[in-house]
Asks: 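Before I ask anything, let me first share the structure, which is written out below as structure tokens.
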Amino acid sequence: MSQPYKKGLYLEYFTVGYNILEAIVSILLGAINNSIALIGFGLDSIVESLSGCILIWRLSQHQKLTPEAEAKIERQATQFVAITFFLMAGYIGFESLRKLINQDVPEPSFMGILLALLSLMIMPLLAWQKNKVGKQLNSRALIADAKETLVCSFLSVALFLGLAGNYWFGFWQADPFAGFIIVFYLIKEGWEIWEEAHESDVD
């Protein structure tokens, strides 16, 4: 296996491990503080872990299949990544709207703010490395996964603003609003990734 493929696998192993830990912490904090933004962020981390597993599967098939079979797996992996975006967008959107209508006020969470800042430091670098390797391998699936990691960076900003608004200013509506921002990015990026997979299928 070539060095770029090995690096891609290492990046995905790190993605899966980090996001599993991030998901556990975020969902626990979200449950304790009744925060849909934290729970949504944790679910997005689970999605990214699933996406990482898909990419590990895809990259591990290199040199085991014919070019045609590998291209088919590439398309399937890209489509799976897109589907995970849509599934999480539906859940987070529903929960954000429900909490806003029911005025389900979350508790302030300083630990959640720290988690958002940590993710904001790690995810952009990880996305950059994935995108770099994805271009070296001409892998749309890996580039799509890099986009998902970059979205996680944007979501970290939304999470931070939502939690900070509630923690420092008592603006509890910032929490479900942050959830809506997460939904917007998930749908936007998911649709773009799906279109890219369709284009590669046509090609």
Asks: Quick one: does Phe177's side chain get under 4.5 Å of Leu161's, heavy atoms only?
Replies: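 They are not in contact (no side-chain heavy atoms under 4.5 Å apart), so the answer is no.
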
Asks: Mark yes or no for whether Asp44, through its side chain, and Gly40, through its backbone, hold a donor-acceptor pair below 3.5 Å.
Replies: no

Asks: Would you kindly confirm whether Ile32 and Ile46 end up in one hydrophobic cluster when ILVMFWY residues are joined by side chain heavy atoms under 4.5 Å apart?
Replies: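 No.
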
Asks: So, are Glu95 and Lys99 salt-bridged, with charged N and O less than 4.0 Å apart?
Replies: no

Asks: Start with the C-alpha gap between Lys7 and Gln129, add the side-chain angles, then the distance that decides, and say whether side chain to side chain donor-acceptor pair (under 3.5 Å) holds.
Replies: CA-CA 9 Å; Lys7 185 174 181 180; Gln129 286 293 321; 2.7 Å; yes

Asks: Can Leu163 and Phe110 be said to form a side-chain contact (heavy atoms from CB on, under 4.5 Å), step by step?
Replies: CA-CA 8 Å; Leu163 296 178; Phe110 183 72; over 6 Å; no

Asks: Quick one, Phe14 and Leu11 - any side-chain contact, counting heavy atoms below 4.5 Å?
Replies: no

Asks: Within the side chain of Asn19, is there an N or O that forms a donor-acceptor pair under 3.5 Å with the backbone of Thr15?
Replies: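 Yes, the answer is positive, given that a donor and an acceptor are paired below the 3.5 Å cut-off.
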
Asks: Do Met123 and Tyr18 have side-chain heavy atoms sitting under 4.5 Å apart?
Replies: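 Contact flag for Met123/Tyr18 side chains = yes.
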
Asks: Quick check: do Ile113 and Phe160 have side-chain heavy atoms less than 4.5 Å from each other?
Replies: yes

Asks: Cut-off 3.5 Å, side chains only: do Ser35 and Glu107 have a donor facing an acceptor?
Replies: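 On atom types as modelled, these side chains do not qualify, holding no pair under 3.5 Å.
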
Asks: Checking Asp175 side chain against Gly162 main chain: does a donor-acceptor pair fall under 3.5 Å?
Replies: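 The answer is no, because no donor-acceptor pair under 3.5 Å joins these two groups.
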
Asks: Quick check: does any side chain N or O of Thr149 sit under 3.5 Å from a backbone N or O of Asp145, one acting as donor and the other as acceptor?
Replies: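 Present.
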
Asks: State whether the side chain of Ser156 and the backbone N or O of Cys152 hold a donor-acceptor pair below 3.5 Å, judged by distance alone.
Replies: yes

